[in-house]
S.K.: 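The structure under discussion is supplied below as structure tokens; questions concerning it will follow.
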Amino acid sequence: MATGEPAVIKDETTDIVDPVCPVIPLGERVDCFPDAGASKLGCLQRGCCWSPLDERNAPWCFFSTNHGYSVVRLSALLKRKAAPSLFGEDIEELTFHADMQTVNRLRFKISDAHKKRFEVPHEHIKPPATHPSGSFNYEVELRHNPFGFQVRRAATKKVLFDTTMGPLVFADQYLQLSARLPSHNIYGLGEHVHQNYRHDTNWRTWPIFTRDSFPNGGTHNLYGHYPYFLCLEDESGKSFGVFLMNSNAMEVTLQPAPAVTYRTIGGVLDFYILLGDTPEQVVHEFLELIGKPMIPPYWSLGFQLSRWDYGSLDEVKKTVERNRAVDLPYDIQYTDIDYMEDKKDFTYDEVNFKDLPQFADYMHEKGQKYILILDPAIAISRRINGPYEAYDRGTQKNAWVTEADGITPLVGEVWPGVAVFPDYTNPSCKEWWTDEYVRLSKEIKHDALWIDMNEVSNFMKGSIKGCDDNNLNYPPFTPSILDGVLYSKTLCMDSKQTWGNHYDVHSLYGYAMVLATKDALERVFEGNRSLMLTRSSFPGVGKYSGHWLGDNAANWNDIKWAIPGMLEFGLFGIPYIGADICGFFDDVSEELCRRWMQVGAFYPFSRNHNAQHYKPQDPAVFGADSLLLNTSKHYLNIRYTLLPYLYTLFYKAHTTGDTVVRPVMHEFYSDSNTWTVDRQFLWGKHLLITPVLDPGVERIQAYVPDAVWFDYETRMTFRKQQVEMYLPADKLGLHIRGGAILPIQRPAVTTVYSRLNPMGLIVALDDNNRAAGELFWDDGDSRGILTKSDGVSVYVCVYLTIQVMHSGYSDPNNLKFENITVLGVSSPPVTVNVTHNNNNIVVSTFKYDTVKQVTKAAVIFDPTNKRFEVPVPLNVPSTPETDETKRLYIVHVKKQPFGIQVIRKSTGTLIWDSALPGFTFSDLFIQVSTRLSSDYVYGFGETEHASYKHDLNYHTWGMFTKDQPPGYKMNGYGVHPFYMGLETTADAHGVLLLNSNAMDVTFQPTPALTYRTLGGILDFYIVMGPTPELVVEEYTALIGRPVLPAYWSLGFQLCRYGYANDTEIADLYREMRAAGIPYDVQYADVDYMERQLDFVLDSQFQGLPALVDHMRGEGMRFIFILDPAIGANETTPYSAFDRGVEDDVFIKWPKELSNDIVWGKVWPDFPGVVVNESVDWDTQVEIYRSFAAFPDFFMNRTATWWHREISDFYTKTMKFDGLWIDMNEPSSFVHGTVGEKCLGPPVYDNPPYMPPLESRHRGLNHKTLCMNSQQHLSDGTPVKHYDVHNLYGWSHTKPTYDALLSVTGKRGIVVTRSTYPSSGKWAGHWLGDNNSSWDQLYKSIIGMMEFSLFGFSYTGADICGFFNPAQYEMCLRWTQLGAFYPYSRNHNGKFNPVSNLAIYLSIQ
């Protein structure tokens, strides 16, 4: 105990000693002048080292090696070394005691060797009853002079906690210890607002001392006292926790070494080091020490409403009724202190709340609960109509905290006015508190208790008398607490409690109140669990109480910072945690409250609470038809559906110490990307919540950990990467982890009613098609039921085997599992069997949903309606081969289930077998599966593949043409539903699905393949090889042989997007010629066009026609780019658009919707604008890009128009030798159309099943046209863009090729970006807008080989990469490889350095 009296040593010297200064990194300096006013003289007077810096955060004055203690004998008696004192009253001799309590828990305590000091009287923390068996997972090594010690992990010898980096300081009112840590991954310490879950170790100091303050984002101390942190060591997951059991005011500094420094102003240094193989195991160890958390009553997991100052019970009931009326899931109503008479505990306002005694009955009638509040401060004034008996009885019991004399009650002021403060550490006070609560419960029925203001809060500074000037109220050193005065907004530090001076026990006030309230609740509710919610807390409080994050505000910061707060209280052992939804202070906006209700539906403690004088913010007040209410109901219904899972998580927390709200890092610690994830969180292992936490946002960046994930309905293909999630106004991200079995129950408006409903399971399959889960089920309310053999049922589910681990509870509602939903089933089951007590039952009513890969929907086939068929002509015989002896194959048609088998005659190999379950043919979804002949499958595109041979381990590849640079599993520019398969006999075959709708294919290890397409028909072609090369020959015979390029096009070619003028091209040409580099073709990208308008020459390129003529005269060739989109906002005649309108060539809406063109935006700019490229892209598109029209190249008149425009450009503007067509997926910079409001049935833009395409959540119209846009085939047949989108580039290519041949009279070459089978008849292809990176270099080989399969001989990648600056060595290697690309072109992007060969030669 800090006494304020002289200690063993009183060092008053001001002599300057010569410090011995260690040579250490800056990050390892330990501050020797933590108080204000550091100077060189003051520093040297303390015997410390002075070394000023240009950084204020790092200490200028740091400890020398003169300071500290040395070990005198092995019994660990520590003797202080001769050194000046920092704050006086240093203690000469200390004892160090290390207690290896368990194999994973080390305790060490440093205290005064001769005098007892204050120690925390914790009700749960005790030494183990038995000595641990087995070897310890840690080692301890002492250093004798100066004293220090290291704690190492025994297996790896990694040092976890090393105090040798700085001296031990132990004075009566100043104790300091520093320790080096093994990593910067530090979590915990509290209670504060930490804006991020992982700590910043750059000299951050956090004060710890309970305080009534607002959690507004500063570094100040808040309501709880938690000198505990967890440290993740590395990717192995091995972690440890450090707990200092000390309740005095303190501060903790984290520094870059990394290291931690503790400074506390009393008590002893009583540390616990807790080891675990994972972060979650460390939490188990900590909770084993301090007490595992209570299991809350089931009803307390329902949604809750509260506010400070309803004003009257009538207003409370209005709130209840309006939320009942809209069927909001809603279990609990609170009243704050306004229900009391003059805010006095144990009273109620008999005017405004006259019917409060019966209010609980009113709530119970609808299955709801009522919770009221109590504060600690007890008014000394009389009640309105008589004495305040609660105060009088407390005075008789001597229940109050006293002044320093130990007799006179300390008087302060809180909500009821002048008040005294119960001393909950006094047994007489606990008896009084329980008695008063019993009296209250008899007068006002209620179901649980909320305790507040127990830091302890006082509106006076110390007391109405002030505080005496002594070492307790004004210690020599004050940690960096709020206001810098210990008694600010609380009691004088020299006031007395049974456990000791308030100086020592201040931070235990809330803890002691919780222990007293626990007794009171048990007395009142006896066999029922009830609930306690406390604001102030200390380690161990979670054993009896929940906590909320305090008096936050309605702002976007506080919604964000709630997540780190909840994660930290999971570490601290209080899993029943949440923040005030929609904010306590300030009026909340609809958007903020809507987003907060979405995420708050997944707070373990889910309560909407706001403050006096602010607008109501309960969901119903926003209106019965409001988006806020509807999205609140949606996610609360999901919460109530998942309550059996959440309740099981609390059971696991109560019995093993598991976290409920869990950091992503705890499950995926081997992935360093997860170490800082704190805008997402998990429920247990299996439910990932990703909320929107910023205003005006519908797309967020989120991290998807390395697992299979389902978005509560369908599979998500991303894993172990940052992704963009589309979360519109009514949505948040909610994903189930593969491998989970989640117990569920049909929801209702309260838990009383939901518990009557049937239960179910959601089974989410992992990579191995396995899943496991657990259910705990009891009556949800009985106290002590966990210890009764007749009260518990636990089910462990592994795959679909349900094993009852312990059965004793019989639910009176005779609950059953109504629905079992299995996510991730790639094909429908033939039968479903249930075995119970060795009886096998065949389930006759099950469904399979092909759209969601969920066991839920039926097969549909409609043979009566004509469906779209791909208008791509193939070279097929006019009559089929009827002589079976000439065929290389045999075909069998199977009936049960229907399917086709194709067998190679010569070997008997089954190369196609679709006689499998799952064949589905509905209007907007067709699925068929086939077994494959081997694991060796090649093709399908256009998508970046990491290897030429496909990985058949459940990979799905989407196909839908899109302006999408190469990226893993990103659908790219072309669609090629063709693969080549090798057979086990070394034969080969190829399969084409002639279908142009959006689709995907999934490989399975069987080996098998599943096709899913969104329309059209199934039109398959199989070519038999039998060698790989013959497969390609036969396939190109079917679709058309590749174009023969002009000889000159086999030469090396140069291009870039970003030439400023024709002079740059001329200079480049001159440099290349001078360097003697082989170089045949020069390009011009869209820069040559005026404002990116096709067929219009820019003013900066007026010399280009003459330059082209000059270059062509010297044997060079020139190729220009043309995009399909035609600008439409010209103020002067623009023939390409004007004649296009006249000829009616542009894509329009169907006439029943509109006769207007379907406008997009691409490269063309508005007239007269100067583009500011420093603004963000979306803004550029909005303010600079003109409307654009898209030619419908299927129509003959469009081909005629296109030929005329190309011819005019060639004859009137400049010559060219080839054409490069781009952006023909078709690409648009807006989604669907200008304004992004697509006409017609939305099902085509957002079909029931969306393949795993890039930005699939945005729909098919993302970055392209609306799917209801109408095109016309060459015979005039109208078709939806939905059906022909993937053919746009194909339809663009032939008219371009025909025009080139006609205009130039020579073969030339066309290069196109978007392709479909048979496009290779007319054009070559490059692999798109790649990155300047090594992986793109090697993947270019894979891409070229695939396009060779697809019938494109003339193919290559942009040498040295298009995006990003090219690194020299990589570009050198790429140039070497690119010399052997069939299409050999160096092409890079705007703003990147030129990467042509002349430059590289010049720097060699």
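Please read these numbers as outputs of a predicted model, since none were measured by experiment. The first residue of the sequence shown is numbered 1, and numbering continues consecutively from there.
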S.K.: Can you check side-chain contact (heavy atoms from CB on, under 4.5 Å) on M970 and K962, steps first, answer last?
M.R.: CA-CA 9 Å; M970 301 289 190; K962 186 164 193 175; over 6 Å; no
S.K.: On the ring face of F1229, is K1263 found with NZ or CZ under 6.0 Å from the centre and within 45° of the axis?
M.R.: no
S.K.: Could you tell me if S1135 and D1138 have a donor-acceptor pair between their side chains, going purely by distance under 3.5 Å?
M.R.: no
S.K.: Could you give me the CA-CA distance, side-chain angles and deciding distance for S1174 and N1172, then say whether side-chain hydrogen bond (donor to acceptor under 3.5 Å, both in side chains) is met?
M.R.: CA-CA 5 Å; S1174 67; N1172 178 2; 2.5 Å; yes
S.K.: Please tell me whether W1326 and Y1381 have a donor and an acceptor in their side chains that are separated by less than 3.5 angstrom.
M.R.: no
S.K.: In terms of side-chain heavy atoms, does E942 have a donor or acceptor partner in H976 at a distance below 3.5 Å?
M.R.: no
S.K.: With salt bridge (charged side-chain N to carboxylate O under 4.0 Å, His left out) as the rule and sequence neighbours excluded, what pairs involving residues 1084-1104 come up?
M.R.: R1091-E1130
S.K.: Quick one: closest heavy-atom pair of P1150 and Q1270, and the distance?
M.R.: CB-NE2, 3.8 Å
S.K.: Got W1201 and P1191 here, is their nearest side-chain heavy-atom distance under 4.5 Å?
M.R.: yes
S.K.: With sequence neighbours excluded, give me every side-chain hydrogen bond (donor to acceptor under 3.5 Å, both in side chains) pair touching residues 1228-1238.
M.R.: none
S.K.: Can any side-chain N or O of N1330 pair as donor or acceptor with the backbone N or O of F1362 at less than 3.5 Å?
M.R.: yes
S.K.: Not counting sequence neighbours, list each pair that qualifies as a salt bridge (charged side-chain N to carboxylate O under 4.0 Å, His left out) and has a residue in residues 1309-1319.
M.R.: D963-R1313, D1222-R1313, E1225-R1313, R1313-D1329
S.K.: Between the side chains of E1254 and K969, is the shortest nitrogen-to-carboxylate-oxygen separation below 4.0 Å, so that they form an ion pair?
M.R.: no
S.K.: For R1112 and D1217, run salt bridge (charged side-chain N to carboxylate O under 4.0 Å, His left out): C-alpha distance rounded to whole Å, both residues' side-chain angles, the deciding distance at 0.1 Å, then the answer.
M.R.: CA-CA 9 Å; R1112 295 176 80 227; D1217 303 280; 3.0 Å; yes
S.K.: Give a yes or no on whether the ring-centroid distance for F1146 and F1137 is below 6.0 angstrom.
M.R.: yes
S.K.: Any salt bridge linking D1165 with R1185? Criterion: basic side-chain nitrogen under 4.0 Å from a carboxylate oxygen.
M.R.: yes
S.K.: Check the pair E1182 / K1161 against salt bridge (charged side-chain N to carboxylate O under 4.0 Å, His left out), numbers first and verdict last.
M.R.: CA-CA 9 Å; E1182 180 180 354; K1161 288 192 173 193; over 6 Å; no
S.K.: Restricting to non-hydrogen atoms, name the atom on P871 and the atom on W1290 that form the minimum distance, rounded to 0.1 Å.
M.R.: O-CH2, 3.7 Å
S.K.: Would you say the rings of W1163 and Y1057 are close, in the sense that their centroids are separated by under 6.0 Å?
M.R.: yes
S.K.: Which atom pairs, one a donor and one an acceptor, fall under 3.5 Å between side chains of residues 1043-1051 and the rest of the protein, sequence neighbours left out?
M.R.:
residue : atom : partner : partner atom : Å
S1049   : OG   : A1046   : O            : 2.6

S.K.: Identify the residue among H1203, H1272, H1292 that makes a ring-ring contact (aromatic ring centres under 6.0 Å, His included) with F1193.
M.R.: H1292
S.K.: Do you know the tightest heavy-atom contact between S1314 and T1293?
M.R.: O-OG1, 4.4 Å
S.K.: Could you check whether W1220 and Y1083 have their ring centres less than 6.0 Å apart?
M.R.: yes
S.K.: For residues Y968 and T943, determine if any side-chain heavy atom of one lies less than 4.5 Å from a side-chain heavy atom of the other.
M.R.: no
S.K.: So, do V1086 and D1123 sit near enough that their side-chain heavy atoms are less than 4.5 Å apart?
M.R.: yes
S.K.: Would you tell me whether Y1069 and E1114 have side-chain atoms, one donor and one acceptor, within less than 3.5 Å of each other?
M.R.: yes
S.K.: Can the ring centroids of F1347 and F1350 be said to lie less than 6.0 angstrom from one another?
M.R.: yes
S.K.: Please check if any side-chain donor atom of S1333 sits under 3.5 Å from a side-chain acceptor atom of D1335, or the reverse.
M.R.: yes
S.K.: When you check the gap from the basic side-chain N to the acidic O, do D1144 and R1197 get nearer than 4.0 Å?
M.R.: yes
S.K.: Any Lys/Arg nitrogen of D1143 or R1204 sitting under 4.0 Å from an Asp/Glu carboxylate oxygen of the other?
M.R.: yes
S.K.: Among Y1134, W1202, Y1210, F1120, which residue satisfies the ring-ring contact (aromatic ring centres under 6.0 Å, His included) criterion with F1095?
M.R.: W1202
S.K.: I'd like to check the disulfide bond (SG atoms under 2.5 Å apart) partners of C1238; sequence neighbours left out, ordered by chain and number.
M.R.: C1266
S.K.: Think K1280 forms a cation-pi with Y1244, using NZ or CZ under 6.0 Å from the six-ring centre and within 45 degrees of its axis?
M.R.: yes
S.K.: Is the distance from the ring center of Y1059 to that of Y1088 below 6.0 Å?
M.R.: no
S.K.: Which heavy-atom pair separates I1157 from W1149 by the least distance, and what is that distance?
M.R.: O-NE1, 4.0 Å
S.K.: Do C1360 and T1375 have side chains that approach each other closer than 4.5 Å (heavy atoms only, starting at C-beta)?
M.R.: yes
S.K.: Within the structure provided, determine whether M1116 and V1108 are in side-chain contact (heavy-atom separation under 4.5 Å).
M.R.: no
S.K.: Check the pair D1208 / R1139 against salt bridge (charged side-chain N to carboxylate O under 4.0 Å, His left out), numbers first and verdict last.
M.R.: CA-CA 12 Å; D1208 285 356; R1139 295 192 293 204; 2.8 Å; yes
S.K.: Ignoring hydrogens, what is the shortest heavy-atom contact between S1332 and A1366? Give both atom names and the distance.
M.R.: OG-CA, 3.0 Å
S.K.: Do F960 and H1285 have their ring centres less than 6.0 Å from each other?
M.R.: yes
S.K.: List the residues meeting ring pair (Phe, Tyr, Trp, His ring centres under 6.0 Å) with F1166, not counting sequence neighbours, and say none if there are none.
M.R.: none
S.K.: Might you point out which heavy atoms bring R1385 and D1358 nearest each other, and give the distance in Å?
M.R.: NH2-OD1, 3.2 Å
